[in-house]
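Here the structure is laid out as C-alpha coordinates; the discussion comes afterwards.
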Amino acid sequence: LPTEKLPSRSALNAAKRLLACGVKDGELDRNYILLAASQVLSTQSPGLILYNEIQDWDHWSLVP
(Lines give C-alpha, C1' and ligand atoms only; values in the text may rest on other atoms or scores of the structure.)
Protein backbone atom coordinates (compact mmCIF):
# COMPACT_ATOMS: atom_id res chain seq x y z
CA LEU A 1 0.00 0.00 0.00
CA PRO A 2 1.23 3.51 -0.72
CA THR A 3 2.26 5.54 2.25
CA GLU A 4 1.11 9.03 3.06
CA LYS A 5 4.50 9.93 4.52
CA LEU A 6 7.17 11.57 2.41
CA PRO A 7 10.39 9.53 2.10
CA SER A 8 13.44 11.00 3.83
CA ARG A 9 15.25 13.87 2.15
CA SER A 10 18.18 11.49 1.72
CA ALA A 11 15.99 8.98 -0.17
CA LEU A 12 14.54 11.71 -2.37
CA ASN A 13 18.01 13.02 -3.18
CA ALA A 14 19.17 9.47 -3.98
CA ALA A 15 16.29 9.09 -6.45
CA LYS A 16 17.26 12.36 -8.13
CA ARG A 17 20.91 11.26 -8.31
CA LEU A 18 19.84 7.93 -9.83
CA LEU A 19 17.91 9.75 -12.56
CA ALA A 20 20.90 12.02 -13.24
CA CYS A 21 23.19 8.98 -13.37
CA GLY A 22 20.84 7.34 -15.87
CA VAL A 23 21.12 10.38 -18.12
CA LYS A 24 24.89 10.60 -17.70
CA ASP A 25 25.34 6.91 -18.53
CA GLY A 26 23.01 7.11 -21.53
CA GLU A 27 20.34 4.87 -20.01
CA LEU A 28 17.83 7.75 -19.89
CA ASP A 29 17.31 10.29 -22.63
CA ARG A 30 18.31 13.82 -21.63
CA ASN A 31 14.70 14.81 -22.31
CA TYR A 32 13.04 11.98 -20.35
CA ILE A 33 9.57 12.52 -18.91
CA LEU A 34 8.94 11.82 -15.24
CA LEU A 35 5.55 10.32 -14.39
CA ALA A 36 3.97 8.72 -11.34
CA ALA A 37 2.71 5.15 -11.58
CA SER A 38 -0.80 6.43 -10.87
CA GLN A 39 -0.69 8.44 -14.10
CA VAL A 40 -0.40 5.33 -16.25
CA LEU A 41 -1.95 2.56 -14.11
CA SER A 42 -4.95 2.22 -11.88
CA THR A 43 -3.02 2.43 -8.62
CA GLN A 44 -2.63 4.71 -5.63
CA SER A 45 1.14 4.51 -5.95
CA PRO A 46 3.20 6.54 -5.12
CA GLY A 47 0.76 8.09 -2.64
CA LEU A 48 -0.51 11.66 -2.68
CA ILE A 49 2.31 13.22 -0.66
CA LEU A 50 5.10 11.80 -2.85
CA TYR A 51 3.04 12.49 -5.97
CA ASN A 52 2.86 16.16 -4.96
CA GLU A 53 6.60 16.21 -4.20
CA ILE A 54 7.74 14.86 -7.56
CA GLN A 55 5.68 17.41 -9.43
CA ASP A 56 8.43 19.91 -8.55
CA TRP A 57 11.21 17.71 -9.94
CA ASP A 58 12.93 18.26 -13.27
CA HIS A 59 11.24 16.49 -16.19
CA TRP A 60 7.88 16.10 -14.41
CA SER A 61 4.96 15.91 -16.82
CA LEU A 62 1.32 16.19 -15.91
CA VAL A 63 0.37 14.50 -19.18
CA PRO A 64 1.74 11.00 -19.94
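Values reported hereafter were calculated over all heavy atoms of this structure, with side chains retained and with hydrogens, waters and symmetry mates removed. Here the structure is a predicted model, which is why all the values come from computation and not from measurement. The residues of the chain are indexed from 1 along the displayed sequence.
- In this structure, Leu35 and Val40 approach most closely via the heavy-atom pair CD1-CG1, 4.0 Å.
- Of all heavy-atom pairs between Ile33 and Ser61, the closest is CG2-CB, 3.1 Å.
- Every residue two or more places apart in sequence or in another chain that forms a salt bridge (charged side-chain N to carboxylate O under 4.0 Å, His left out) with Glu53 is listed here: Arg9.
- Using cut-offs of 30° and 60° for the angle between ring planes, the Tyr32 and His59 rings count as parallel.
- Between atom CG of residue Leu18 and atom CG of residue Asp25 there is a gap of 10.0 Å, rounded to the nearest 0.5 Å.
- Side chains of Leu6 and Leu12 form a contact here, defined as non-hydrogen atoms less than 4.5 Å apart.
- Taking each heavy atom of Pro7 and Leu50 in turn, the nearest pair found is CD-CD1, 4.0 Å.
- Ala37 approaches Pro46 most closely through the heavy-atom pair N-CD, 4.4 Å.
- Side-chain N or O atoms of Gln44 include none that pairs as donor or acceptor with a backbone N or O of Ser38 at under 3.5 Å.
- Every residue two or more places apart in sequence or in another chain was checked for a salt bridge (charged side-chain N to carboxylate O under 4.0 Å, His left out) with Arg30, and none qualifies.
- Considering CG of Leu19 and CG of Leu34, their distance stands at 6.5 Å, rounded to 0.5 Å.
- Looking at every heavy atom in both residues, Leu62 comes nearest to Tyr51 through CD1-OH, 4.2 Å.
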